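Report on the structure given below.
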Protein chains: 2
Amino acid sequence: MPGQQDKEPIVIPKPTLDRLKLYHRLLNEIEQKYISSDEIAQRVGTNAEQVRKDLTYLKTTGKPKVGYDVAQLRQELEELFGVKKTTKVILVGAGHLGSALVNYPGFANYGIEIVAVFDNDPRKIGMFIGELSILPMKDLARVIKRFRVEIGIICVPKDSAQQVADILVSNGIKGIWNFTPARLVVPDDVFVVDEDMSQSLLTLKHFLEMKKQKMQESQRG
Amino acid sequence: MPGQQDKEPIVIPKPTLDRLKLYHRLLNEIEQKYISSDEIAQRVGTNAEQVRKDLTYLKTTGKPKVGYDVAQLRQELEELFGVKKTTKVILVGAGHLGSALVNYPGFANYGIEIVAVFDNDPRKIGMFIGELSILPMKDLARVIKRFRVEIGIICVPKDSAQQVADILVSNGIKGIWNFTPARLVVPDDVFVVDEDMSQSLLTLKHFLEMKKQKMQESQRG
DNA sequence: TAGATTGTTAATCGATTAACAATC
DNA sequence: TAGATTGTTAATCGATTAACAATC
């Protein structure tokens with residue numbers, strides 16, 4: 001294939017990637033055929049220049065005076081994020097949070113299917129969460145192999161998190177979605193996304209602190 | 001108070017703020033009396049220069065050859081994030097996720113206390129989640145006033161989210177922790193933290209897509 | 001054609017990293 | 001004192017914004 005040089009490792013910057021997710025969400029909410037960079041910008045709260053810049057990372061190009069083809073853009077973003085490919089996922093930790101996640105209706109929209117739930121509490125084994133029966137940890141290897149699972153969700157108590165991560169990794173899991181506050185140590189080729197709620201909480205509290213300070217200042221001043 | 005000019009609106013940049021949270025977490029895990037910028041850096045995965053730069057936003061200063069006073073740093077960060085002040089919070093939406101949050105043991109560590117749970121499903125009213133009885137929405141105003149609540153957690157279905165947000169705002173709530181994928185429209189003085197799980201999920205799926213592509217390329221190349 | 005909107009280059013901004021003097 | 005570590009200034013890097021020619 002001469003001429004065409006298609007071997008550039010185009011890495012999309014993280015901030016851009018985050019905005020692309022917002023665009024993707026927006027595109028799923030609208031019905032029109034075309035949309036301009038300016039309209040996208042207004043609806044997600046950024047500016048048109050940035051939208052256009054971001055979209056240069058995609059193959060889709062817009063038409064002057066018309067805008068971007070919504071369906072095309074949507075499709076390319078779906079491919080980028082792998083939305084359409086169903087990803088099979090297992091979940092470890094059948095507590096309140098685990099149950100909430102198993103029952104979370106939003107996952108289907110993003111091509112996520114939880115195929116099994118594990119727990120190490122013998123009393124929970126065999127109980128059901130939705131349609132899934134809770135399995136003992138010893139079945140983990142078998143299930144991962146059988147369904148070719150690549151992602152594991154951890155929602156166990158903090159102190160067991162690393163141990164569970166080790167087990168997942170040793171069974172070939174390549175992506176971990178960590179709902180505990182533990183910082184997991186994993187090999188380089190395993191990707192961890194932390195869903196650390198206490199951190200969000202600190203953000204919220206910090207904001208309120210700032211606000212109070214400002215009010216006090218303006219009273220003084 | 002002449003001489004001293006204490007009226008600078010020092011705004012800590014968001015990236016710095018996020019790292020300060022990591023330092024705070026680290027400081028709670030260690031026992032030594034002093035810690036160097038280099039050690040902090042290594043343990044949270046950044047570099048010493050950045051740690052020192054970040055810490056210039058605080059009052060605490062380090063000692064050459066010794067490092068930073070752990071207790072002092074910890075205390076200042078706790079103040080910054082308002083960890084010690086107990087913040088009373090209400091939660092709307094007594095589903096699986098709501099129950100998980102009410103039972104989440106981590107909140108207490110960060111000075112968060114959920115004082116009431118609301119739902120609009122008449123069948124749920126009066127049922128208990130942990131020690132809290134589920135209240136009808138009509139009690140919301142009273143509870144907010146009585147406990148001087150400033151933060152509301154929303155974990156209702158997406159389509160009701162905006163409506164709930166409006167109710168919270170009109171009752172004086174100043175911070176919203178939003179567990180739905182809805183984008184909330186609120187006045188400028190209300191702060192929203194989105195805990196959008198589908199977004200994290202996209203990050204995870206994107207990573208796996210990239211990884212597969214890379215593997216395919218290296219096979220071809 | 002005239003006008004709107006894209007795509008891209010250049011300028012700006014802000015955050016990170018490097019370097020080093022100050023100091024315990 | 002000598003050496004380690006801080007605090008700060010300057011250089012670098014990367015992302016955002018502005019500007020404008022290309023084009024439908």
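As the structure is a computational prediction, the values presented were derived from the model and not from experiment.
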Glu113(A), CD: over 12 other non-hydrogen atoms inside 6.0 angstrom: yes
With Ile90(B), the side chain to side chain contact (heavy atoms under 4.5 Å, CB included) member among Val117(B), Leu140(B), Ile151(B), Ile114(B): Leu140(B)
Sugar-phosphate, base or nothing in reach of Asp38(B), heavy atoms under 4.0 Å: nothing
Ring geometry between Phe107(B) and Trp177(B) (parallel below 30°, tilted from 30 to 60°, perpendicular above 60°): tilted
dC20(D) - base-pair partner by Watson-Crick or wobble geometry, distances under 3.5 Å: dG7(C)
Any donor-acceptor N or O pair under 3.5 Å, side chains Asp166(B), Gln162(B): yes
More than 12 heavy atoms of other groups within 6.0 Å of Glu79(B) CD: yes
Any side-chain donor near an acceptor of the partner, Lys53(B) and Thr16(B), under 3.5 Å: no
Boundaries of the chain B footprint along DNA chain D (any atom under 4.0 Å from a heavy atom): dG3(D) to dT9(D)
Along DNA chain C (nearest heavy atom to each residue), the more 5'-positioned of Val66(B) and Arg52(B): Arg52(B)
Identified pairing partner of dG14(D), criterion: Watson-Crick or G-U wobble below 3.5 Å: dC13(C)
Lys205(A) side-chain N/O to Tyr110(B) backbone N/O, donor-acceptor pair under 3.5 Å: yes
Earlier contact from the 5' end, DNA chain D, for Gly62(B) and Asp54(A): Gly62(B)
CD/Gln75(A): more than 12 non-hydrogen atoms of other groups inside 6.0 Å: no
Sub-4.0 Å heavy-atom contacts from residues 13-23 of chain A onto DNA chain D, ordered by number: Pro13(A), Pro15(A), Arg19(A)
